[in-house]
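Below is one structure; the comments refer to it alone.
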Amino acid sequence: MQATLMIYNGTAAPDADVLRTGGVPLAPAGTAWPMCGNTCGGPMQFFAHLPVEYGVLSVFVCQNDPGACDTHDPVSGANRVLIFPSTGLVPVAVPEEGVTLLPAVSAITTAVVTLEPEEADEDGLPPDAYDLARGGWKWEPGELFGKQREVLGSLGGSPSCLGDDRLPECPSCSGVMEFAAHLEEGIDLRSAMNLGGDLGYVFVCRPCSQGAFLRD
């Protein structure tokens, strides 16, 4: 059992084509900044630039009036995951109004954590690879916690503690979407994405080039 953790790795240039939270999105020339389709209608905040094997995932969540727009739901219009090709990307022009950028950029490195097989818990649920890997990150004997704040999420694997009824369907083909990444709020207040204390989930449908985001 393995989990590919995303680990805080200092800062990066705001337009770096690397795993990062914050900075500016990179997209094909002419791409418009996503607007909230839920309540406020304003530009959404750019959360994360996630280069993966099949392209680049660009995550946006509305933060213009936290709590007013429903950012929990993948079909609310208050969040977007855009999938772009891996090459030919340029910085997207940032709107002059609205809450669009995080105060700080967090560079990310990855660490593959191999876990010992575990039995199902008392409720019969299988072990949660992400939760176990995050909880044990840099943990030393005698410590209550490890360095969990360094963990900014994970890539691939299975969604942590998410019921089947929360798995989003592709708006194009209606199939259940593939889990792509977890997102944690961040290592400190300056770099934090506002997830309301929840965990962020990124999903994709590769054949349809559709993405979805939810928090739970």
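Computed from heavy atoms alone, side chains included, the values below leave out hydrogens, waters and symmetry copies.
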**Prompt:** Is there a side chain to side chain donor-acceptor pair (under 3.5 Å) between Ser160 and Asp128 once you walk through the steps?
**Reply:** CA-CA 6 Å; Ser160 176; Asp128 187 316; 2.7 Å; yes
**Message:** Applying side chain to side chain donor-acceptor pair (under 3.5 Å) to Glu169 and Ser174, what does each step give before you reach the verdict?
**Reply:** CA-CA 5 Å; Glu169 293 183 354; Ser174 299; 4.9 Å; no
**Item:** Chi angles and distances behind the salt bridge (Lys or Arg N to Asp or Glu O under 4.0 Å) call for Arg134, Glu184
**Value:** CA-CA 11 Å; Arg134 178 178 179 268; Glu184 299 282 354; 3.1 Å; yes
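What you find for Gly23 and Phe46 is that their closest heavy atoms are O-CD2, 3.3 Å.
There is no side-chain donor-acceptor pair under 3.5 Å between Thr100 and Gln45. Side-chain N/O atoms of Thr71 and Asn79 include no donor and acceptor closer than 3.5 Å.
The aromatic rings of Phe203 and Tyr201 sit parallel, their planes meeting at an angle under 30°, below the 60° perpendicular limit. Ring-plane geometry between Phe47 and Phe213 is classed as perpendicular, the angle between the planes exceeding 60 degrees on a 0 to 90 degree scale with a lower cut at 30.
Leu50 and Ile7 are members of different hydrophobic clusters when ILVMFWY side chains are connected at heavy-atom separations under 4.5 Å. Put simply, Met177 and Leu183 are part of two different groups of oily side chains (I, L, V, M, F, W, Y) that touch within less than 4.5 Å, one to the next.
Contact annotation: the side chain of Asp198 approaches that of His72 to within less than 4.5 Å [non-hydrogen atoms, C-beta and beyond]. Contact annotation: the side chain of Asp15 approaches that of Leu26 to within less than 4.5 Å [non-hydrogen atoms, C-beta and beyond].
Not a single donor-acceptor pair under 3.5 Å links the side chain of His49 to the backbone N or O of Val56. Using a distance-only test at 3.5 Å, with no hydrogens or angles considered, no donor-acceptor pair links the side chain of Glu150 to the main chain of Tyr8.
Residue Leu5 forms a side chain to side chain contact (heavy atoms under 4.5 Å, CB included) with just one option from Val112, Thr110, Thr109, Val113, and that option is Val113.
The neighbour count for Arg190 CZ, taken as heavy atoms of other residues, nucleotides or ligands under 6.0 Å away, does not exceed 12.
Asp65 is linked by a side-chain contact (heavy atoms from CB on, under 4.5 Å) to Ala68, counting only residues two or more places apart in sequence or in another chain.
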